[in-house]
Trainee: 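The structure follows.
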Amino acid sequence: MVKFKVLIHKDKCKGCGLCIFYCPLNHLEQSDCLNKRGVKFAVENKKNSCIGCKACFFICPEACIEVYEAKKKK
Amino acid sequence: MVKFKVLIHKDKCKGCGLCIFYCPLNHLEQSDCLNKRGVKFAVENKKNSCIGCKACFFICPEACIEVYEAKKKK
Amino acid sequence: MSGNEAMGLGAFTAGCRFYAGYPITPQNELTAYMASCMRLPGRTFVQAESELAAINMVFGASAAGFRTMTSSSSPGISLKQEGISYLAGAQLPAVIINVSRGGPGLGNIASSQSDYFQSTRGGGHGDYFTPVLSPWSVEEAFNLAILAFDVADFYRTPVLVLADAIIGQMMEPINLNRKPLIRNRKPKRWSLTGAKNRPPNIVKSFFLQEGLLEEHNLLLEKKWQKIKLREQRSSIYGKKKVDCLIVAYGSQARIARQAVDVLSCQGIKAGLFRPITLWPYPDKALKKAASLARKIVVVEQSLGQMDEDVRLALPNKEINFLGKTGGGIPSSLEIVKFVKKLTKN
Amino acid sequence: MSGNEAMGLGAFTAGCRFYAGYPITPQNELTAYMASCMRLPGRTFVQAESELAAINMVFGASAAGFRTMTSSSSPGISLKQEGISYLAGAQLPAVIINVSRGGPGLGNIASSQSDYFQSTRGGGHGDYFTPVLSPWSVEEAFNLAILAFDVADFYRTPVLVLADAIIGQMMEPINLNRKPLIRNRKPKRWSLTGAKNRPPNIVKSFFLQEGLLEEHNLLLEKKWQKIKLREQRSSIYGKKKVDCLIVAYGSQARIARQAVDVLSCQGIKAGLFRPITLWPYPDKALKKAASLARKIVVVEQSLGQMDEDVRLALPNKEINFLGKTGGGIPSSLEIVKFVKKLTKN
Amino acid sequence: MEKEILISGFGGQGLMSLGKIIARAALKSNKHTIWFPSYGAEMRGGTAHCFVKISDKPIASPFIVYPDIAIILNQPSLDKFRKVIKKGILVTNKDLIGKISMSKNITLKNLPLNSMALESGNIKVVNTIALGLIFPFIKPLVNEESIISTLRESFKRREILKINLQAFEKGLSLAG
Amino acid sequence: MEKEILISGFGGQGLMSLGKIIARAALKSNKHTIWFPSYGAEMRGGTAHCFVKISDKPIASPFIVYPDIAIILNQPSLDKFRKVIKKGILVTNKDLIGKISMSKNITLKNLPLNSMALESGNIKVVNTIALGLIFPFIKPLVNEESIISTLRESFKRREILKINLQAFEKGLSLAG
Amino acid sequence: MNKKYNRPESLRDSDTHYCPGCGHGIIHHLVARAVDELKIRQKVIGVAPVGCAVVAYDYWNFDVCEASHGRALAVATGIKRCRPKNIVFTYQGDGDLASIGAAETLHAANRGENVTCIFINNACYGMTGGQMAPTTIIGQKTATTPSGRNPFAGDGWPLKLSEILSTLKGVCFAVRTSVSNPRQVHQAYDYIKKAFCSQIDKKGFSLVEVLSPCPTIWQKTPVEAMQWIETEMIKEFPLGVIKE
Amino acid sequence: MNKKYNRPESLRDSDTHYCPGCGHGIIHHLVARAVDELKIRQKVIGVAPVGCAVVAYDYWNFDVCEASHGRALAVATGIKRCRPKNIVFTYQGDGDLASIGAAETLHAANRGENVTCIFINNACYGMTGGQMAPTTIIGQKTATTPSGRNPFAGDGWPLKLSEILSTLKGVCFAVRTSVSNPRQVHQAYDYIKKAFCSQIDKKGFSLVEVLSPCPTIWQKTPVEAMQWIETEMIKEFPLGVIKE
Ligand SMILES: Cc1ncc(C[n+]2csc(CCOP(=O)(O)OP(=O)(O)O)c2C)c(N)n1
Ligand SMILES: Cc1ncc(C[n+]2csc(CCOP(=O)(O)OP(=O)(O)O)c2C)c(N)n1
Ligand code: SF4
Ligand code: SF4
Ligand code: SF4
Ligand code: SF4
Ligand code: SF4
Ligand code: SF4
Ligand SMILES: [Mg+2]
Ligand SMILES: [Mg+2]
């Protein structure tokens, strides 16, 4: 089974919220705290799991999201 | 009966020959002598008569041809 | 009110009827200001597609007999050089505002006074000059914008207002109670209105026939000489007899004034000579002021441009120069230090 | 061969690989010459849609690491001012030829030297200079075109060749037997070739971060100082110790030389000082020459522009000026008369 | 009397408008004033600053060498201006700034301005809180009425105005 | 020895090329030479002129004040240059020029060049006839071979060359 | 005897500097005639280009403004915006209008400036001695394309600016015509009048492109030049109303 | 664990100066990604504009050249003609490309320069604080059109330069796309690659116009800005391949 993981470089994030809005699974959300830029950056939430659609990856103006494909034997 | 007359300002003429070429009746021709610009200017000849089509008038780059319409009782 | 807006208001007050401009920092507030006030009836605002288009629209509006202005900043002013030369050649009044920034090239958007040569030595081609006015405060920016129109119309010449980014962007109050005098509003008989009841008018700078351009240029030369004689403007701050006379213009003169104050406190007699017209350069007044000064210091936001005019005006004086380039600004402290070192020897 | 063609041949000989130009009289023979020789393999000729496009194409070609040139005449050169300022700021070598004509505005197509200020005082915005070379013969036009490329590459700077309409259009023989020396052909490590096996190269003139442009400009200033020190060029004709030293450049120096000959015949010791570089101005050589001269006369095809450099170089001398504007050319007879009157007193 | 104020921070933190508000209020209080911006490092997003001078005499230079009052909204600003802040009051934004150690001549107010602004419902009022914080120190030159009426002019939309007035009060209450 | 030649006329009369031909021929004869055009009054159609200087020493100025040889092809040219033609030889185009009265120092050759050219089959050879007319006067500096070979280079088409060579001879025969 | 067709009042009684057979002379005449016919001589303001027609003001008998090379439509914008009641037109060569002035042309048209543009397409730069113009046709030899214009060698394709401009909403009338024979001359005359009329009716930007002979640069006799328009140029630049 | 989608090599690991939600960041990424994918990083030469993307060279990890405002395609012409084997592209805003640079754009396209032009249409001048651009849509408020762009007040019509350029023979590929949602972003990416490929195949001038959000000037949140593209901008600027 293939699993996906997103990695968000939190200090590059400008908190524009585009990834959050466009993630089809609402896998992303705003953080509670501020990063060093003073914005609430994007983080994964734990509710849904990522399907690796890369919507967030492509829409992020800061290119600060990475999407990993993790082949894991169950 | 209507008669036409063309008047060519000879010293303005640059001898381009356009009027001569485009006159449908060959009413115009090159002069034998030179004008003060040193070119053989356009003159009326006696062979054919002008029908007042104004071809020469419109094509002349120097606007040095005038076409008169002369209403004459025979 | 910012200096940029003040110049806009000045133009409006002077009866500017046509403005064309193209955005560029640090003069955007001026374009924005014009975009609202010049959309009123009887006025025209055009956002031109480029600086070239803007200056040539101004050429047209001026030829049509109207008070007209354009504004830009350094790179945009370079693009207008051909147009300015045409305006000068065709003897068309117009006001061109340069809120100058750091160069060469794209440089930066900080304040700089490195367009002095371009402004005073005809950056365009040919034997011509343009009067150049340089404000040192927001209020003066307002007043000089008005004066620029008057001078332009009186002499039939393009006039430059050379304001730096500091003057353009800083805000300070201005007194609008005194009603400004608008002069030189005589009818422009040479202008293009349609050839009704008069022979056709022609606006041109082209004189191909041998000798004609020479004749025309000698006429212009007379005009430049007249302007040189009559339009030199400057101001003096501080004592008359001084150890050190600082020469500076625009925002740098502001900073120098502070230095003069500090120096006085420290017992050094210093004065400030501030040219208001950069062309014609107020050399008569400078000569007079310099004759009572022991040392001369020129301070500029450049590597030394006005410096040359001071040297030409005072061939027998030693001229000391303090300058910073590329957006660097000689601070009042630096000036004080420089002057102190100089006057010690 | 005409001066225009000679400059084209010079560029070709110097290894110019890219030429972009826009037609304008009196330099059309140069564009036409390039249109044929630069269509050979390994070379590129582009008829640009405008002078702006041409100078910016040259910017690109230079950034790509190639020897490149554009040419125009006065109004077209005004349009290139922004581009020249960019070249200077981005430290790109390039050669720009101005076969100057009468201005301001459309002016006429006669010979004129009224672009001197524009050429030597950075007609564009910002703190920069460009070396300016001025030939007085067709052969020198050829040689200076080559030199221009060498200087440009060595200092990484745009170089102007300021030839007037007389030099551009007159034909005289040139000696092509001596093989010209082409120097400074070192690889351009800064140029854009694709970032292969090295970090990316960036060509730019923009330094927004505070202080960066200042730093950059001080670097440029060092370069200007170095050029000032090393690249002053001039020549002298006639006696050393003279009653009158005539200072003139370009075609006007040719005419002045004739005047010097006539004056010698008439028993008046006259000499000619001819700057070959207009920037840097050869003030050291001039000072030396002037120290042996009783009177100084500057002769220009303008209302007095180089005049200012002479006055700056010789602050303690009286400078006399003879000039004609708008295509007028001070003839050798007029010079003789002027000098005779002057030396009589 | 003369007060020299430096405000520095990220482009979006409203520092330019804060400077303008102070200058306008000073004008209303019939004082001489100059506001001068420096977009400094970058046009968008980056760090920028502005100067405000208020005085009862005409002002010469718009520049400030050693400010009396400094409002420093992010780390780069502090790094940049640390050396010239030698006296007076310093307001800093704890949320975006690490450890601060300044000379003892300086009255330091280090508060989490971003968080406070978010709390009050709008991240944009960082600047207005700061205004409240420094107000007591410019009071000799600028009266409160002028400030309030300038705020009223600057924020036309009622809700926005309300939040700003509250932010000002909050700052004021913490000014101590 | 130095010869100074002025050629002036209408734009289309081939005066520039005549000047260039003389200059090239002088070069071939190993002389110093300068050709210099002045489009003067008008770019098209109007009156223009050029100077040619030939010398056995280097030449200073390309300008000519008092020409040794003047070829004047139309009335405006005569009006313009009458005053400076004070010596030497003057060739004029009778077809386009009214009465001429010049000082006696001048050898005048006033011939109907236009008509002669038309006669020889091409109005454009006006200039080549003039070349023939003045040739004897530049002979000390330029030899006939050089002229002929320059004509050959200038006119590539055989018929055209033929007419021009004939025109040159015709001029020469009338040079007297 | 009724005098009928003579020099219009709007054309001065001066000699032109144009080469024999040059189209500029014909078109100057047409413009002047149209101005007379529409009785607008006292309110027309022309803008002259830099090109062979640079001194058009010496030939027309009404107010004329110079413009720097390529910027005639910017100048016209300045004039017309200030004097909306006057009739303002530019007269520009192909180099002026379509090469150096391309941006000014495009944007004036796009703004729908209520001016008329007479565009003289002679497939070359006349004034500077016959270099390639944007309108030079493929294979045509010029001073800068000595072996003929070759789009595949980077010389670019013949530019059909009238077609391009006609796609803009600001343009109300665009036509290409020629003066290559008397009938065409007459038609060009009608189009010029029409363009002026559309300006009088405040419809926006009007454009009349005229294919015009340049015998000198083309190295043809005047008659051959006319024929070259009809056999060669028209192939690249078809005549007719493009937008109305 | 296989890393799959991460920062391309051609994008430096630097922070941008762009506002949150700015389209420039997205498109920079796409360009870099396309360069990586086509393995041309070592021979690509970019030309940066004057506009918000002026310091694009600080973000891309390959050779980049500055160009003065509007002249990127002239600069690109100079580079490409000298280095035909390199891949040369310009990256230009709507003000840069379509306003001040209109002539250079038109003529580079008409010459069929074998370069790629990435045209960022954000309906405004971002860098100078939000003035009207040629692409500003009707009624849109900007610093210079305070009551909305009004073509009937002389502000001009939204200029569709891609359509205009696609009429030129020199243009081999012209497309309008957007980055207004992830799917579109991906499509934009494909088009950019395609444009580069057509350059590699020496087909001529290729143009990719990208509708791009400018939340700051539009005074919208980043998400609203994306939606405004889809509801408003696309009406004026329809997406799709214009020429291929
Ligand atoms: C800025 C500038 N560039 C170039 C020129 C030189 N120039 C004069 S006219 C002209 C082009 C003429 O061609 P066109 O516009 O087609 O007019 P035509 O002469 O063919 O009627 C040029 C390039 C100039 N005067 N000014
Ligand atoms: C010659 C010149 N004119 C004007 C400017 C000012 N300027 C900088 S960017 C810009 C326009 C930016 O708009 P656009 O090209 O659409 O890019 P964006 O910022 O929207 O991405 C202008 C007018 C300049 N730098 N140089
Ligand atoms: S890859 Fe798709 S599903 Fe996963 S976080 Fe990103 S947008 Fe959401
Ligand atoms: S799209 Fe990028 S910058 Fe925007 S919130 Fe998501 S991670 Fe942050
Ligand atoms: S009016 Fe017609 S018929 Fe009469 S001369 Fe002229 S062209 Fe010939
Ligand atoms: S058309 Fe005119 S210029 Fe030509 S020959 Fe006839 S009259 Fe003379
Ligand atoms: S060169 Fe051509 S366009 Fe110019 S006047 Fe001569 S024929 Fe007419
Ligand atoms: S102003 Fe607009 S285009 Fe510029 S960085 Fe901000 S969002 Fe991007
Ligand atoms: Mg043409
Ligand atoms: Mg934009």
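Residue numbers begin at 1 in each chain, while the letters A, B, ... track the order of the sequences. Note that the coordinates shown come from a computational prediction; the quantities given were computed from them, not determined experimentally.
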Trainee: Of all the heavy-atom pairs spanning H:Ala74 and D:Ala53, show the shortest one and how long it is.
Mentor: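 Looks like CB-O, 3.7 Å.
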
Trainee: If the threshold is 4.0 Å, N to carboxylate O, is there a salt bridge linking D:Lys196 and H:Asp63?
Mentor: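 Salt bridge between D:Lys196 and H:Asp63, a charged N being under 4.0 Å from a carboxylate O: no.
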
Trainee: Does H:Lys203 NZ have over 12 foreign heavy atoms under 6.0 Å away?
Mentor: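 Counting other residues, nucleotides and ligands, NZ of H:Lys203 stays at 12 neighbours or fewer.
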
Trainee: Identify which of D:Phe18, D:Phe59, D:Tyr86 forms the greatest number of heavy-atom pairs closer than 4.5 Å to chain H.
Mentor: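 Top option by heavy-atom pairs under 4.5 Å: D:Tyr86.
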
Trainee: Taking atom CD of D:Gln225 as the centre, does the number of heavy atoms from other residues, nucleotides or ligands within less than 6.0 Å exceed 12?
Mentor: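 Enclosed.
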
Trainee: Using non-hydrogen atoms and a 4.5 Å limit, figure out which bit of D:Arg198 sits close to chain H: side chain, backbone, both or neither.
Mentor: side chain

Trainee: Distance from H:Glu104 atom CD to D:Leu52 atom CG, nearest 0.5 Å?
Mentor: 6.0 Å

Trainee: What part of H:Asn61 gets within 4.5 angstrom of chain D, counting heavy atoms only: side chain, backbone, both, or neither?
Mentor: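 Both parts, backbone and side chain.
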
Trainee: Counting heavy-atom pairs under 4.5 Å with chain D, which one of H:Val47, H:Ile45, H:Ile40, H:Asn110 comes out on top?
Mentor: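 Top count of heavy-atom pairs under 4.5 Å with chain D: H:Ile45.
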
Trainee: Might you point out which heavy atoms bring H:Ala103 and D:Glu49 nearest each other, and give the distance in Å?
Mentor: O-OE2, 3.8 Å

Trainee: To the closest 0.5 Å, what do you measure between CG (H:Asp58) and CD (D:Gln209)?
Mentor: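 Here the rounded value is 9.0 Å.
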
Trainee: I need the H:Gln42 CD to D:Thr193 OG1 distance, nearest 0.5 Å.
Mentor: 10.0 Å

Trainee: Atom NZ in H:Lys80, atom OG1 in D:Thr44: separation rounded to 0.5 Å?
Mentor: 12.5 Å

Trainee: So how far is it from H:Phe62 CZ to D:Ile202 CD1, rounded to the nearest 0.5 Å?
Mentor: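 That separation rounds to 10.5 Å.
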
Trainee: Please answer whether the main-chain N or O of H:Ser68 pairs with a side-chain N or O of D:Glu82 as donor and acceptor at a distance below 3.5 Å.
Mentor: no

Trainee: Locate the shortest heavy-atom distance separating H:Arg83 from D:Leu192; write the atom from each residue and the value.
Mentor: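 Taking H:Arg83 first and D:Leu192 second, the nearest heavy atoms are NE-O, 3.0 Å.
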
Trainee: Heavy-atom cut-off 4.5 Å, strictly under: side chain, backbone, both or neither for D:Phe45 against chain H?
Mentor: backbone

Trainee: OG1 of D:Thr68 to CZ of H:Arg81: how many Å apart, nearest 0.5 Å?
Mentor: 12.0 Å

Trainee: Please state whether the side chain, the backbone, both or neither of D:Ala20 comes within less than 4.5 Å of a heavy atom of chain H.
Mentor: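 Looking at D:Ala20, nothing touches chain H.
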
Trainee: Counting only heavy atoms closer than 4.5 Å, note whether H:Val50 contacts chain D via side chain, backbone, both or neither.
Mentor: side chain

